Each structure stands twice: as C-alpha cells, then as structure tokens.
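See structure below.
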Amino acid sequence: MRIGGIDVESPLCLAPLAGITTLPVREFFSAHGASLTHTEMISCAGLIRDNAKTFDMLATSENEAPLVVQLFANDSGVLVSGGEVVRERCARFSAFGINMACPMPKITRNGSGAALLKKPEIAAEMVRGLKSLGLPVWVKIRRLEDDSDTLRFTAMLIDSGADNVCIHGRTCAQRYEGIADRHILSLAAKEFPGYVSASGDVKAVSDIQEYIAMGCCAVMIARGAFVNPFMFEEYGGQFRTRDEKLEELVKFAYNARTISGEHKALVLMKRFAGGILRFERGAAELRRLAMTARSLDEILNYLHFTAD
Ligand SMILES: Cc1cc2nc3c(=O)[nH]c(=O)nc-3n(C[C@H](O)[C@H](O)[C@H](O)COP(=O)(O)O)c2cc1C
C-alpha cells in the first residue's frame, strides 16, 4: 500500500518520540512490524550550525523500515535549509516530517512546534518550501480547541502540498495528559480521505483497529510501543512466546549498546523492561530490576538467568 507518498506494508507506524526513536529503537520496531518509523524531532537550526549532536540524529541503517525525518523550525527559510542538509547527510529516508505539534515551552517559545498552529501562513509556506526539495512531506499537528479550526488547518496543509497530516487528538493545553479525542480524527479522515493519520492513546490492538475503522490511513504508535513492544506484530496476528520476547530484548540491548553506547542503551532498556513481558511470568520483577540497574550487564545477566 501507499501512504503519504511512501510504499509501506501496513498502516502501522512508529511515532516520533524525542530522546527515544533513535536508530536502535527504530531497528527494533522495524523488525517487529512497524511499516514506517520516525526520527526524533530534529532542530533545523542545529543542522545549519553544524551541531554534532544534531547530526547524530541523522544516523540510519538498511535494517530500517521507510523513515520520516522529522524537522522543527520557526520559519520556512530555516526549515528548507535544514531539509537541504538532511538531503546531503542522511543516507536513507523516504520523507520529510514537520513538527507542528510539540507543546513544550522550550520549543514553542521561539515559534516552532505547536506555536505554528497559530500561524497558518508560516505553516503553509513551510510545507511549500520543504515540498520543493522533491520528497513527500508529512506534517504532525495537534487538535485545536475548535474542530472546525482543526479541519481548516488540515485543509490548508494539504492544499499547500502535505502528503500526510497526522493529528494528535490532544490540544496543546493537554500536553500529554488526559484523553486524546477521537471524534476529530473521524471528522478529518472523512473529509480528507487518504491524508489523515492518527495519534493519541494507542495502547492496544483495538485502538489501532478503531482508528483504521474511522478511515485513518495510518496509525502512529507512541507510548504504547513500550506498553507492549509486540503490538505491531500482534495486530498482524503474530504472537511470541515468553522466551522469544526475552531473546528479542537481549538482542536489542546488544544492538543499542553497539550503536548508542552503554548509557543510552541502559536508559532505553528501562523503557522496554516495563512492557516486554506484559502479562507474562516475571514481568514485575524485571521492571523492578531494570529501574534500579546501574549497568546493562546487570539486566542482561538477569535475562539470561530468567529464560526458561
Ligand atoms: C517522550 C515523548 C516524546 C515525544 N516526541 C515527539 C517528537 O519528537 N515529535 C512529535 O511530533 N511528537 C512527539 N511526541 C508525541 C507522540 O508522537 C504522540 O503524538 C503522543 O505521545 C500521543 O500518542 P500516545 O498517547 O499514543 O502516546 C512525543 C511524546 C512523548 C511522550
């Protein structure tokens, strides 16, 4: 199937998650049913300034599903310059993403992220500018207080050339709390068939099914990917045994350490440990151990010992 100008195998995508959707995490979910993944949001100002840490975020590999490189900036010129750097330096990616959803003050203060929801002219110029680089453009927004404003903003993005608009059903004021509204997704999916993907409260296969039934062309799995890392596969009817799950976690740990180093690998393992054994024997014990572990080996030794 083709979504937002990209050939994909299913509508299940790994959402962009700052500090989390690094290369080893994307490789893990690509191998476990994500048909498309996102980078973390990447600062165009950082790319233009030659910031080494920002460049690290452009690392990709052939073990990944199609990738959307998500950028943020506060004007079209900076965004397009950032996009040009990505085109030069990023080995493999399928589309540009634009973050118009981040509600955190350190991002909105200078006019980036969700601040753009209040600046439709600049937002439109950004889409047109990035689109001129010749790749699909995916935009991520949030629900506005008023449904008709959300629909108007979405229409404006599509008219400007956006290939996909992901709507997170929480308003900026909600940040990441409370319930994500689904009604706006059903309205937008009906009004813009083939363009709207959904984000918000995807914690189980039934949530994915609900968004698809509404007509959303793709579903972004965010925090739910760590509530149940095997949700993507379970949507396709594939269920793993407890030992297989542990084996996959061990593989992830080694891969993350090789790519990102001990510290980042340990931080990511703490995230995975919460859900990897969901409803299986030893889940609580693994979670507890991971939370207090000071090294990756501490967790790995435990995992080798605990396998059946
Ligand atoms: C820790 C964290 C980091 C996030 N980083 C990004 C990001 O870089 N870009 C983005 O568009 N959304 C980001 N989001 C939003 C998620 O992609 C998603 O829209 C949101 O978590 C709602 O989905 P959920 O309720 O299923 O988690 C982030 C969310 C969290 C919790």
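Order of appearance sets the numbers: ligands from 1, and atoms from 1 within every ligand. Computed over heavy atoms, backbone and side chain alike; hydrogens, waters and symmetry mates excluded. These numbers come from a predicted model, not from an experiment.
Between K140, M104, H38, it is K140 that holds the heavy atom closest to atom 15 (C) of ligand 1. Of the listed residues (A15, S199, G113, A18), the one carrying the non-hydrogen atom nearest atom 4 (C) of ligand 1 is A18.
No continuous path of ILVMFWY side-chain contacts below 4.5 Å connects V69 to I107, so the two sit in separate hydrophobic clusters.
Ligand 1 lies nowhere less than 4.0 angstrom from a heavy atom belonging to C102.
For F252 and F226, the distance between ring centers is not under 6.0 angstrom.
Although no hydrogens or angles enter the test, the distance criterion places a donor-acceptor pair under 3.5 Å between the side chain of D207 and the main chain of A204.
Atom 20 (C) of ligand 1 has H168 CE1, 3.6 Å as its closest protein atom, hydrogens excluded (heavy atom only). Atom 11 (O) of ligand 1 has its closest protein heavy atom at Q70 NE2, 2.8 Å. Distance from atom 29 (C) of ligand 1 to its nearest protein heavy atom, with residue and atom name: Y176 CE2, 3.4 Å. The single protein non-hydrogen atom nearest to atom 2 (C) of ligand 1 is L17 CD2, 3.8 Å, given as residue, atom name and distance. Among all non-hydrogen protein atoms, the one lying nearest atom 6 (C) of ligand 1 is P16 O, 3.1 Å.
A salt bridge is defined here as a Lys NZ or Arg NE, NH1 or NH2 lying under 4.0 Å from an Asp or Glu carboxylate O, and R152 with D147 fails to meet this definition.
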Requested in this report: Could you go through the ring pair (Phe, Tyr, Trp, His ring centres under 6.0 Å) check for F28 and F232 one step at a time?
Outcome: CA-CA 11 Å; F28 177 91; F232 297 84; 9.0 Å; no

